[in-house]
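Accompanying notes for the structure given below.
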Amino acid sequence: MKMGTTNGEIAQLLRRVAAAYQILGENRFKIIAYDRAADSIEHLTSEAKDLWDNQKLSDISGIGDAIAKHLDELFRTGSVQHFMSVFKKVPAAVFPLLSVPGLGPKKAYKLVTELKLDNAAHALDDLEKAIRAGRVAPLESFGEKSQRDILGAIATYRRGLTKENRMELLHADSIAQEVIQHLRKHDSVERVDSLGSLRRRVATIGDVDIAVATKKSDALIDHFLQFPHEKLIERGPKGATLLLHNGRQVDLRVQKPKSYGAMLQYFTGSKNHNIKLRSYALQKGMSLNEYGIKNVKTGQLHEFTSEESFYRALGLPFISPELREDKGEIEQSLRPCGLPKLVELQDIKGDMHIHTNYQFESSHDLGTSSLSEHLEKASQLGYEYIGVSDHNPSITNHTEEQIVEIMKRRKEAYISMFKKYNTNVHMFIMCEVDILADGTLALPEPALEYVDAVIVSVHSSFSQGRAKTTERLLKVLQSHPKVRILGHPTGRLLMSREGIDVDWSAVFALCRKRDIALEINAYPSRLDLPDNLVFEAVKSGNTFCIGTDAHALDHMNLMGYGVSVARRGWTQKRDIVNALEYNDFKKWLVKEDI
DNA sequence: GCCGTTTTCGGCCCGACTGTTTTCAGTCG
């Protein structure tokens with residue numbers, strides 16, 4: 001059997017091994033080890049295959065000699081003998097059932113054997129038929145309720161509404177805002193926060209988790225259940241879970257104000273951060289749970305109103321939620337130099353990626369708002385400068401001379417519009433130029449005279465293969481001194497398009513050498529450079545320009561999404577070029593002497 | 001199977017919720 005080698009595929013493979021081991025009654029710590037390895041791979045800062053290329057596989061936390069050896073075999077041969085032999089001991093129909101919410105290895109195995117489901121390809125259909133025939137309820141440890149629930153869970157899965165079907169951070173934010181507004185109407189609410197991946201500002205979100213500090217838990221949960229919903233999934237004294245009409249799940253967690261800090265910490269995760277934190281605490285004789293910190297010897301529980309005091313009690317500084325991914329943040333916080341002081345939204349002095357509605361025959365979409373509107377907005381946001389970064393003129397419909405002429409007129413038009421508008425905000429005339437398939441700029445050299453600098457971006461030929469794409473990027477980055485920013489470097493669109501396959505270390509090295517900034521595109525369906533690559537690039541000394549890629553006025557409000565990505569990549573203010581004040585930024589941007 | 005600021009052996013994060021159960025197993029986060 002050929003096995004996939006993307007991080008997602010490897011994670012699924014390891015989870016299947018864990019599931020098989022669980023059915024086979026293996027040592028439970030071995031099962032946990034495989035699950036943890038799967039988690040690690042899934043949240044990796046780069047492709048596991050790249051690490052393998054560089055013999056760095058066992059650097060991954062949770063991957064030891066044994067699993068590293070299996071993965072080595074996977075990358076070399078496309079399969080793993082040992083895993084195959086484990087899978088053979090378990091009926092194949094078990095695995096598709098694991099995707100159904102509420103079905104784990106044990107239940108899936110029981111269903112498959114008792115119902116004699118012998119075909120993996122239509123195991124779900126067979127199970128559904130068995131349920132409709134009432135054959136599940138009589139099984140030991142199942143019942144009428146379970147039977148109904150499994151049927152519902154299969155439907156949920158079929159509608160694509162499982163946690164595997166994630167949503168953009170922006171979407172999750174808007175759901176969270178509605179729920180939070182509703183919750184605040186209850187008088188007993190003392191604090192409300194988002195939890196989980198939403199609070200850590202992960203690019204895509206499974207379900208929305210909300211925390212409330214209140215002294216009236218029951219009444220508050222009742223109030224939460226008034227929020228319009230499709231189905232109540234569960235309710236207990238600590239919280240409740242609703243399935244909304246849009247198919248999204250919202251978890252509420254309530255806690256008394258005096259131990260709210262511990263709860264916030266506990267449910268913000270990530271899971272691997274918490275596991276590492278608890279191991280660290282255990283060494284100091286402390287056991288952590290959602291209520292506080294327990295002294296292992298005396299059993300005495302200390303409660304915390306805030307996360308800051310919670311971390312302090314462990315002898316640690318506050319660790320920002322964006323950093324809690326077990327990428328070495330706990331270890332780093334213990335070193336003398338400590339954690340980086342992360343960039344903040346208010347550090348941003350300008351937005352360099354704005355498309356206005358200036359009319360010309362462009363290669364891609366124009367913006368919908370005017371220069372003056374964008375300047376007004378920039379002023380409101382406290383910016384010192386903006387860059388107008390329309391796409392280059394269409395190259396198929398114009399001659400070179402025409403393009404030069406368009407760019408000349410465009411510059412004159414912008415300057416004239418700018419002069420009419422009285423503002424303290426400075427303007428740079430930029431252009432977002434396509435990187436053509438052969439690595440040349442989609443703007444003839446004479447036209448570059450009419451811009452201060454350009455952002456170069458890939459908008460076509462996304463799958464040329466690694467070698468060719470790398471060559472393409474390296475070529476364009478050296479093509480002209482006015483190439484200053486590499487726009488949305490991977491070209492990914494969340495949940496719809498994979499980014500380009502490139503040797504990033506080579507690209508990062510060249511950008512550093514030529515002092516070219518990597519864009520962190522804040523547009524919520526891009527968030528590109530992705531946080532994991534930002535993390536890598538920071539280590540190799542690169543700088544970044546956070547831009548909203550605004551095609552409408554409101555998009556300028558999305559800068560915070562880019563800042564979150566930057567923070568998740570451990571960047572500081574000094575790493576962000578558009579955190580420079582105007583004069584310094586201008587010196588950085590407008591360079592002719594490379 | 002993984003891992004180390006007491007350890008290369010002997011531990012391994014912790015609890016809630018649910019359904020089917022009279023004390024717990026499975027699943028989830």
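Fair warning: this is a prediction, and the values are worked out from it, not measured in the lab. By convention in this document, chain letters (A, B, ...) are assigned in the order of the sequence lines, proteins followed by strands, and residues within each chain are numbered from 1.
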Report the distance from atom [atom1] of [X] to atom [atom2] of [N], rounded to the nearest whole Å.
X	N	atom1	atom2	result
Tyr280(A)	dC12(B)	OH	P	19 Å
Glu234(A)	dG29(B)	CD	P	9 Å
Phe29(A)	dC9(B)	CZ	C1'	14 Å
Leu282(A)	dC12(B)	CG	P	7 Å
Ile275(A)	dC12(B)	CD1	P	13 Å
Asn27(A)	dG10(B)	CG	P	15 Å
Ile293(A)	dG15(B)	CD1	P	13 Å
Leu24(A)	dG1(B)	CG	P	13 Å

For nucleotides 25-27 of chain B, give me every protein contact, N/O to N/O, under 3.5 Å, one pair per line with atom names.
unit_1, atom_1, unit_2, atom_2, d
dT27(B), OP1, Gly104(A), N, 2.6
dT27(B), OP1, Gly104(A), O, 2.8
dT27(B), OP1, Lys107(A), N, 3.0
dT27(B), OP2, Lys106(A), N, 3.4
dT27(B), O5', Gly104(A), N, 3.4

Over all strands shown, is [X] touching base, sugar-phosphate only, or nothing at heavy-atom distances under 4.0 angstrom?
X	value
Asn274(A)	nothing
Lys294(A)	sugar-phosphate
Arg235(A)	sugar-phosphate
Tyr266(A)	base
Leu277(A)	nothing
Glu144(A)	sugar-phosphate
Asp209(A)	nothing
Glu26(A)	nothing
Ile32(A)	nothing

Electrostatic pair Glu114(A):Lys110(A) at N-O distance under 4.0 angstrom: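 No.
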
Distance between [atom1] atoms of [N] and [M] (Å, rounded):
N	M	atom1	value
dC2(B)	dT7(B)	C1'	14 Å
dC28(B)	dT20(B)	P	16 Å
dG11(B)	dT6(B)	C1'	13 Å
dT23(B)	dT18(B)	C1'	15 Å
dC9(B)	dC14(B)	P	25 Å
dT8(B)	dG1(B)	C1'	14 Å

Side chains of [X] and [Y], donor plus acceptor under 3.5 Å:
X	Y	value
Gln22(A)	Tyr109(A)	no
Arg199(A)	Ser194(A)	no
His273(A)	Glu329(A)	yes
Ser505(A)	Asp503(A)	yes
Lys276(A)	Tyr280(A)	no
Asp173(A)	Tyr561(A)	yes

For dG15(B), what is the paired nucleotide under Watson-Crick or G-U wobble rules, both distances under 3.5 Å?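 Across any shown strand, dG15(B) pairs with dC28(B).
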
Side chain of [X] only, heavy atoms from C-beta on: which candidate in [options] is closest?
X	options	result
Ser61(A)	dC3(B), dG19(B), dC14(B)	dC3(B)
Glu290(A)	dC14(B), dA16(B), dC2(B)	dA16(B)
Lys145(A)	dT20(B), dC2(B), dC14(B)	dT20(B)
Lys30(A)	dG15(B), dG19(B), dG1(B)	dG1(B)
Asp207(A)	dG1(B), dG19(B), dG29(B)	dG29(B)
His82(A)	dA16(B), dT20(B), dG1(B)	dG1(B)

Steps toward salt bridge (Lys or Arg N to Asp or Glu O under 4.0 Å) verdict (Asp218(A), Arg235(A)): CA-CA 10 Å; Asp218(A) 262 348; Arg235(A) 189 230 156 106; 3.4 Å; yes

Between Lys238(A) and Lys276(A), name the one whose nearest nucleotide on DNA chain B is closer to the 5' end.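 Mapping each residue to its closest nucleotide by heavy atoms, the 5'-most match is Lys276(A).
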
If you find the nucleotide of DNA chain B closest to Ser141(A) and the one closest to Gly239(A), which residue's nucleotide is nearer the 5' end?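 Upstream on the strand: Gly239(A).
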
At under 4.0 Å, does any side-chain N or O of Ser287(A) touch on OP1 or OP2 of dC14(B)?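 The answer is yes; a side-chain N or O of Ser287(A) sits under 4.0 Å from OP1 or OP2.
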
Pick from Leu220(A), Leu183(A), Val254(A), Val212(A): which one makes a side chain to side chain contact (heavy atoms under 4.5 Å, CB included) with Ser188(A)?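 With Ser188(A) as partner, Leu220(A), Leu183(A), Val254(A), Val212(A) yield a single side chain to side chain contact (heavy atoms under 4.5 Å, CB included), made by Leu220(A).
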
Pair Phe304(A) and Tyr260(A), ring centroids less than 6.0 Å apart: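 Here the rings of Tyr260(A) and Phe304(A) have centres that are no less than 6.0 Å from each other.
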
Polar side-chain contact Tyr21(A)-dG1(B) base: donor and acceptor under 3.5 Å: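 No pair found.
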
